[in-house]
Student: 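One structure, as structure tokens, below. Some questions next.
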Amino acid sequence: MNPYRPQDFESRWQAFWEAEGLHRALGPGEPGFDPSRPKYYVLDMFPYPSGSGLHVGHALGYVGTDVVARKKRMEGFNVLHPMGWDAFGLPAEQYAIQTGKHPRATTDENTANFRQQLKKIGLSYDWSREIDTSHVSYYRWTQWLFARLYERGLAYRAEVPVWWCEELKTVLANEEVINGRSERGNHPCVRRPLKQWMLKITAYAERLLDDLDTLDWPESIKIQQREWIGRSEGAEVRFAVEGEPEPVTVFTTRPDTLWGATFLVLAPEHALVKRITSAAQRPALEAYLAAAASKSELDRTDASKQKTGVFTGAYAHNPVFEKGDPRGRVPIWVADYVLAQYGTGAIMSVPGHDQRDFEFAQAFALEIREVVRAPQGEKGLADGVCFTGEGTAVNSGPIDGLATAEAKTRTCAWLEERSLGKARVTYKLRDWLFSRQRYWGEPFPLLHLEDGSVVRVPDEFLPVELPVMDDFKPASDGSAPLARAKDWVVTIDPRTRKPARRDTDTMPGWAGSCWYWLRFMDPHDSKAAFSKEAEQYWGPVDLYVGGAAHAVMHLLYARFWHKVFFDAGLVHTSEPFQKLYNQGMVTAFAYEDATGRLIASDEVEWQAEKPVRKPDGEPLKQIVTKMAKSLKNVVNPDDIIGEYGCDAFRLYEMFMGPLDESKPWNTRDIPGCRRFVERVWRLFVDPEAEASVRESFARDAAEKPIEGDTLAAERALARTLRKTEESFRHFNFNTAIAAMMTFLNEVGPIQASLTRSQGLRFLACLAPFAPHIAEELWQRMGESGSVTRTAWPLAEARYLELDELEIPVQVLGKLRGKITVPKAASRAEIERGARAAVAPHLEGKEVVKTIYVEGRLVNFVVRG
RNA sequence: GGGGAAGUGGCGAAAUCGGCAGACGCAUCGGACUUAAAAUCCGAAGGCCGCAAGGCCGUGCGGGUUCGACCCCCGCCUUCCCCA
């Protein structure tokens with residue numbers, strides 16, 4: 001008896017692949033490496049191994065890349081498809097502080113769990129290349145690469161505001177602060193300046209922007225990155241401050257509106273604020289600064305919020321006016337909608353032509369002056385609205401009458417001639433805050449000498465190992481936990497033998513993911529981060545797949561590091577990821593009662609097609625949300641695989657819809673995929689018989705001529721192969737699976753007419769999606785080796801051609817009939833047939849025009 | 001607030017270039033097989049009207065372009081994602 005029992009063979013094939021090393025990616029220098037084959041590097045964004053394990057949403061992208069990797073191998077590529085762990089970071093540390101377990105221990109437990117879960121999904125990773133960013137064998141090279149940035153002057157220290165929670169006595173990361181309160185405990189937080197390591201990503205802003213054009217990435221991601229980098233052209237203008245030697249420098253994108261600047265606004269953190277504030281204004285100002293410190297940048301710049309600010313009591317001089325001209329005397333205000341890190345931390349306010357300045361001026365009764373006349377037909381200042389568009393300069397001395405674009409360049413020239421300012425390009429992108437006062441991260445390979453200077457730990461003395469500590473809570477004075485590892489901190493500079501103290505900050509969670517694709521190319525190298533040969537062969541990543549959630553930060557940081565490596569001659573391409581693809585989010589149904597309260601899905605049952613709560617039958621509303629532990633709607637792949645088998649699970653993941661779309665998981669739909677694999681099984685195997693495969697597929701079965709049902713099957717197979725091939729171009733594997741289902745529907749009734757070759761080609765086509773059943777049937781067919789090593793089957797053009805065409809016939813764009821014509825029919829014949837087919841609809845009407853789309857459609861345009 | 005996506009049957013979805021809307025699957029209903037059930041196989045099915053033939057309406061809403069619009073343009077509405 002031969003029923004389909006996946007539990008009997010799925011783990012056996014997984015063990016076989018591993019034992020045979022079928023997914024090992026052999027690289028340069030390894031025995032058996034074949035350099036004549038083309039390479040393909042397909043990479044998943046590696047996961048942070050959280051304690052809650054994988055859910056079916058994570059698996060979506062992994063199955064997607066696995067399908068691609070398996071097909072590429074069948075096409076003869078050397079495929080690099082690795083997996084590892086982005087294991088440093090805050091959550092592990094947080095969890096450790098709560099439970100008292102060391103993050104090393106919990107991280108190892110979590111990665112073991114993830115590895116075992118991933119292996120059950122039958123993913124064809126080369127596990128010999130597994131990496132863990134929190135292992136010293138990895139992070140010593142993170143430190144080494146950081147040193148390359150450092151020696152190029154791209155790392156520096158600066159006082160920047162960071163979130164501080166007085167109640168918790170700790171520095172918090174941005175993501176730990178919500179609406180000015182700590183995520184844990186809901187305590188108030190403030191931003192206070194602290195010395196931090198910064199990376200000078202702004203030095204690469206122009207290249208990060210320009211090189212986007214060379215990448216095969218989704219346009220939406222490119223737009224988001226461009227937006228993030230935020231290039232803007234404008235001018236820097238110096239305003240002299242009354243009674244101060246230092247001028248205030250402002251940046252503006254609209255130098256043409258300089259004549260309309262009626263006040264200045266400084267960011268609360270601006271260095272000049274405290275110096276210039278008058279005694280009378282000081283109390284109000286102090287109160288304002290304290291309030292601003294507790295707001296996030298998001299709140300501060302939220303345009304919908306009421307504008308707040310306070311006058312400093314000081315005045316500046318607008319340099320476009322003569323000394324003594326009352327129009328040039330402008331008050332200096334402080335407002336939190338101006339950010340210290342953007343531009344110069346100070347703006348000139350032109351309330352007539354900037355919406356935020358307009359609202360601010362209205363709120364505080366400041367002067368509004370028109371300097372740009374709106375074009376005919378548009379509402380301008382004369383109509384009482386702020387005009388922010390382009391128009392004609394007025395009340396602006398030397399640039400009066402000029403159009404905005406011309407007025408801008410003329411103003412810049414005017415300023416430069418008089419040394420009052422200059423044209424400048426700025427970016428919204430800011431330098432990257434690269435240090436944390438936390439334990440679970442990479443230590444900086446830096447030493448502080450007694451004279452206050454900072455030196456690198458020489459490369460040959462790397463790694464700087466993270467000391468083992470039992471108490472790694474942040475200290476109450478905001479200093480880093482590593483500062484308490486006294487024996488570790490106190491050291492000597494190996495170069496000068498002078499006493500030194502180690503830097504006690506650690507790198508942020510992003511650090512390890514800034515180069516991991518390079519380590520995968522050569523993961524066990526103890527002499528270098530990666531060998532030149534390996535990088536030369538495998539780089540760049542051909543296909544990078546991950547969630548759109550990382551559209552900006554991770555991808556921008558990774559590109560930045562890679563460009564630095566390129567400049568340092570470490571890599572041969574200036575971009576790391578040639579093609580990027582974002583898998584969609586897998587959402588899940590959740591249920592809420594009449595009051596909107598969420599009900600866990602295991603408390604829900606279905607009665608008469610309606611969801612109700614189990615104990616009392618109260619009707620519930622089905623909603624779609626993300627999968628989250630807190631919503632109790634998480635589905636674990638282990639459970640699904642246990643019940644339906646791995647192949648059915650993989651097929652369902654791909655059958656749900658196009659890879660890039662977000663779609664709800666519905667376990668109720670899986671039986672359809674399970675039935676599909678069972679039907680595949682029965683196509684090849686008679687479950688009632690002892691034979692390993694049906695007679696018609698046996699090795700010694702008589703050769704069948706390609707005619708009749710066999711020809712029909714050949715054509716059906718050709719259509720399936722074509723559709724599958726196409727699905728790899730669009731990453732909509734749901735249509736490939738649908739095509740294979742259609743194939744089964746078509747050949748089911750004529751099973752006995754199928755040839756062995758047709759059966760084998762179908763299995764090869766199925767193999768990337770459902771590799772276990774493909775292997776099992778491949779073996780039962782008596783084929784030697786693994787289906788993963790057979791050639792990818794292609795459709796033969798001659799079996800895709802049809803003898804007859806069915807052509808829809810429309811009248812005035814409405815479908816009124818269909819005709820079937822021989823492939824060779826002439827246009828005249830087709831038109832004649834079409835007229836006949838829709839004759840009743842043409843009755844008494846005049847055909848004005850006949851539209852014929854070659855082989856596709858006829859449309860009669862009629863009148864009367 | 002800014003930025004990015006997406007809205008098609010009861011549900012997941014499909015539809016080369018602007019050319020037959022709803023392939024494939026789930027759930028549902030009917031039939032066959034069965035003592036019965038499960039499994040399997042065959043069939044029905046967007047909505048409305050109709051015994052039927054057939055007709056009308058239908059891709060979030062309102063306009064537009066076109067012989068023809070899920071697809072292109074303009075304006076709305078709703079939902080989801082991201083913000084160092």
Side-chain angles (χ1 to χ4, degrees), chain A residues 3 160 173-175 199 201 218-228 230 296-305 337 341 356 428-434 508 510 547-554 556-557 582 584-585 587 589 606 609-610 622-626 651-652 655-658 660-673 675-676 678-679 682 687 722-723 726 729-730 732 734-745 748-749 806-818 840 847-862:
Chain A
V160 292
N174 260 292
E175 58 268 30
L199 291 186
I201 191 171
E219 200 50 40
S220 65
I221 302 291
K222 291 189 186 182
I223 291 169
Q224 286 181 69
Q225 292 225 340
R226 285 193 194 107
E227 195 67 36
W228 195 256
S296 70
E297 291 185 3
L298 215 63
D299 285 336
R300 284 172 52 166
T301 53
D302 189 337
S304 66
K305 299 244 164 83
Y337 74 88
Q341 285 83 24
R356 287 188 303 187
K428 211 152 72 194
L429 180 72
R430 282 172 255 159
D431 278 343
W432 176 11
L433 173 57
F434 197 68
W510 304 105
H550 301 104
V552 180
M553 292 186 298
H554 160 61
L556 202 62
Y557 296 155
N582 297 118
M585 202 180 44
T587 52
F589 294 118
W606 290 79
E609 295 293 294
K610 294 264 193 315
Q622 190 181 55
I623 58 166
V624 171
T625 68
K626 65 178 170 190
L651 284 163
Y652 177 64
F655 189 61
M656 275 194 285
D660 60 349
E661 260 165 52
S662 102
K663 53 236 160 186
W665 177 271
N666 195 350
T667 302
R668 280 215 306 189
D669 286 344
I670 298 179
C673 290
R675 278 199 275 272
F676 168 65
E678 289 188 10
R679 291 177 68 199
R682 289 199 308 273
R722 179 182 54 180
K723 189 75 202 171
E726 194 183 306
R729 280 199 293 280
H730 303 293
N732 54 352
N734 52 325
T735 62
I737 294 164
M740 287 187 263
M741 288 172 168
T742 304
F743 177 75
L744 281 196
N745 291 343
E806 191 189 49
I807 296 181
V809 184
Q810 299 181 333
V811 177
L812 282 173
K814 276 191 158 66
L815 181 71
R816 293 301 181 187
K818 284 179 193 180
V847 175
V848 189
K849 199 173 167 190
T850 303
I851 288 148
Y852 172 61
V853 184
E854 180 77 39
R856 294 192 66 92
L857 152 141
V858 178
N859 185 18
F860 294 109
V861 184
V862 298

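Worth saying up front: this structure is predicted, and the values here are computed from it rather than measured. In what follows, chains are A, B, ... by sequence order, proteins preceding strands, each numbered from 1.
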Student: At under 4.0 Å between heavy atoms, what does A:Arg816 touch on the DNA or RNA strands: base, sugar-phosphate, or nothing?
Tutor: sugar-phosphate

Student: Please give, in whole Å, the distance from B:A5 P to A:Lys222 NZ?
Tutor: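 Going from NZ in A:Lys222 over to P in B:A5 covers 13 Å.
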
Student: For the side chain of A:Thr735, counting heavy atoms from C-beta on, which of B:A14, B:G12, B:C24 is nearest?
Tutor: B:A14

Student: In whole Å, I'd like the distance from the CD1 atom of A:Ile737 to the C1' atom of B:A14.
Tutor: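 For the pair A:Ile737 CD1 and B:A14 C1', the rounded distance is 14 Å.
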
Student: Which atom pairs link the protein and nucleotides 63-73 of chain B when you take only N or O atoms and keep those under 3.5 Å?
Tutor:
residue, atom, partner, partner atom, Å
B:C67, O2, A:Asn859, ND2, 2.3

Student: Within the 4.0 Å heavy-atom criterion, would you say A:Trp228 contacts the bases, only the backbone, or no part of the nucleic acid?
Tutor: base

Student: OP1 or OP2 of B:C24 versus the side-chain N and O atoms of A:Arg675: is any pair under 4.0 Å?
Tutor: no

Student: Would a distance-only check, ignoring hydrogens and angles, find a side-chain to backbone donor-acceptor pair under 3.5 Å from A:Thr850 to A:Phe860?
Tutor: no

Student: Say we look at B:G10 and B:G1: how far apart would their C1' atoms be, to the nearest angstrom?
Tutor: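 Here B:G10 and B:G1 have their C1' atoms 39 Å from each other.
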
Student: Decide, for B:C17, between syn and anti: a glycosidic angle within 90° of 0 counts as syn, anything else as anti.
Tutor: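 Syn for B:C17; the angle stays within 90° of 0.
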
Student: Under the 3.5 angstrom rule, does the side chain of A:Lys663 hit a backbone N or O of A:Pro658 as a donor-acceptor pair?
Tutor: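 Checking the backbone N and O of A:Pro658 against the side chain of A:Lys663, a donor-acceptor pair under 3.5 Å is found.
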
Student: Rounding to an integer number of Å, can you tell me how far A:Glu726 CD sits from B:A14 P?
Tutor: 13 Å

Student: Say you pick atom P in B:C33 and the same atom in B:A45; how far apart are they, in whole Å?
Tutor: 23 Å

Student: Pick the C1' atom in B:G46 and in B:A27, then give their distance to the nearest Å.
Tutor: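 The same atom, C1', in both gives a distance of 16 Å.
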
Student: Starting from the C-alpha separation in whole Å, work towards a yes-or-no answer on side chain to side chain contact (heavy atoms under 4.5 Å, CB included) for A:Asn666 and A:Tyr652.
Tutor: CA-CA 10 Å; A:Asn666 195 350; A:Tyr652 177 64; 4.0 Å; yes

Student: My validator wants the stems of RNA chain B: runs of 3 or more consecutive Watson-Crick or G-U pairs, both distances under 3.5 Å, written as range with range.
Tutor: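 Ordered by first number, the stems with RNA chain B (at least 3 consecutive pairs each) read B:1-7 with B:77-83, B:10-12 with B:24-26, B:28-32 with B:40-44, B:46-49 with B:54-57, B:60-64 with B:72-76.
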
Student: Write down the distance separating the P atoms in B:G4 and B:C73, rounded off to the nearest Å.
Tutor: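 Those two atoms are separated by 15 Å.
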
Student: If the condition is side chain to side chain contact (heavy atoms under 4.5 Å, CB included), which residues does A:Ala738 pass it with, not counting sequence neighbours?
Tutor: A:Phe655

Student: Separation of A:Glu227 atom CD from B:C81 atom C1', in whole Å?
Tutor: 16 Å

Student: Given the C1' atoms of B:A21 and B:U8, what is the spacing between them in whole Å?
Tutor: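 These two C1' atoms come out 8 Å apart once rounded.
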
Student: Heavy atoms only, 4.0 Å cut-off, all strands: where does A:Pro508 land among base, sugar-phosphate and nothing?
Tutor: nothing

Student: For B:G9, does the glycosidic angle fall within 90° of 0 (syn) or outside that (anti)?
Tutor: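 Syn conformation for B:G9.
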
Student: Measure from the side chain of A:Arg430, starting at C-beta and using heavy atoms only, and say which of B:A84, B:C24, B:C80 lies closest.
Tutor: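 Side chain of A:Arg430 sits closest to B:A84.
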
Student: On RNA chain B, nearest-nucleotide positions of A:Met741 versus A:Asn666: which is more 5'?
Tutor: A:Asn666

Student: With P as the reference atom in both, quote the distance from B:G68 to B:G19 in angstrom, rounded to an integer.
Tutor: 14 Å

Student: Rounded at 0.5 Å granularity, tell me how far CG in A:Leu556 sits from CD1 in A:Ile201.
Tutor: 4.5 Å

Student: So if I take every side-chain heavy atom of A:Lys814 and compare against B:G12, B:C57, B:G19, which nucleotide ends up nearest?
Tutor: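 For A:Lys814, the side-chain atoms sit closest to B:C57.
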
Student: For A:Ile223 and B:G4, what is the distance between atoms CD1 and P respectively, to the nearest whole Å?
Tutor: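 A:Ile223 atom CD1 is separated from B:G4 atom P by 6 Å.
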
Student: Check the distance between B:A15's P and A:Glu661's CD and give it to me in whole angstrom.
Tutor: 10 Å

Student: Which of these nucleotides, B:A5, B:C24, B:A84, is closest to any side-chain atom of A:Leu429?
Tutor: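 For A:Leu429, the side-chain atoms sit closest to B:A84.
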
Student: Is it true that, when you exclude A:Glu219 itself, more than 12 heavy atoms of the residues, nucleotides or ligands shown sit nearer than 6.0 Å to its CD?
Tutor: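 Check passes, neighbour count above 12.
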
Student: Given A:Glu726 and A:Asn732, is the side chain to side chain contact (heavy atoms under 4.5 Å, CB included) satisfied, shown in steps?
Tutor: CA-CA 9 Å; A:Glu726 194 183 306; A:Asn732 54 352; over 6 Å; no

Student: Can you check whether A:Thr735's main-chain N or O pairs, donor with acceptor, with A:Lys723's side chain at less than 3.5 Å?
Tutor: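 Side chain of A:Lys723 to backbone of A:Thr735: no pair is present.
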
Student: Are the side chains of A:Tyr557 and A:Leu199 in contact, using a 4.5 Å heavy-atom criterion?
Tutor: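 Heavy-atom side-chain distance check fails, nothing below 4.5 Å.
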
Student: Which whole number of Å gives the distance between the C1' atom of B:A37 and that of B:A5?
Tutor: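 So the two C1' atoms sit 48 Å from each other.
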
Student: Tell me if the centroids of the rings in A:Phe434 and A:Trp510 come within less than 6.0 Å of each other.
Tutor: no

Student: Provide the closest heavy-atom pair for A:Thr667 versus A:Pro671 in the form atom of the first, atom of the second, distance.
Tutor: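 Taking every non-hydrogen atom into account, O-CD, 3.7 Å.
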
Student: Kindly point out which of B:A21, B:C83, B:C26 is positioned nearest to the side chain of A:Leu815?
Tutor: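 When the side chain of A:Leu815 is considered, B:A21 is the closest of B:A21, B:C83, B:C26.
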
Student: Students often get this wrong, so: under 4.0 angstrom with heavy atoms, is A:Val552 touching a base, only sugar-phosphate, or nothing?
Tutor: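 No contact.
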
Student: Starting the side chain at C-beta, find the nucleotide from B:G12, B:C80, B:A15 nearest to A:Asp669.
Tutor: B:G12

Student: So, OP1 or OP2 of B:C41: does either fall under 4.0 Å of a side-chain N or O from A:Arg679?
Tutor: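 Yes, such a contact exists.
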
Student: More 5' along RNA chain B: A:Pro749 or A:Pro671, using each one's nearest nucleotide?
Tutor: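 Between the two, 5'-proximity favours A:Pro671.
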
Student: From the list B:C24, B:G19, B:U40, which nucleotide is the closest neighbour of the side chain of A:Arg682?
Tutor: B:U40

Student: The side chain of A:Asn734 lies closest to which of these nucleotides: B:C20, B:A14, B:C41?
Tutor: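 My answer, after comparing the listed nucleotides, is B:A14.
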
Student: Nearest-Å distance, CG (A:Asn582) to P (B:C80)?
Tutor: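 My rounded result for the distance is 20 Å.
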
Student: How close or far is atom C1' of B:A6 from atom CG of A:Asp660, stated in whole angstroms?
Tutor: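 About 11 Å, once rounded to whole Å.
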
Student: Any side-chain heavy atom of A:Asp431 sitting closer than 4.5 Å to one from A:Val160?
Tutor: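 A side-chain contact is absent here, since even the closest heavy-atom pair is not under 4.5 Å.
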
Student: Taking B:G18 as the reference, what is the distance to B:C71 when you measure between their C1' atoms (whole Å, please)?
Tutor: 7 Å

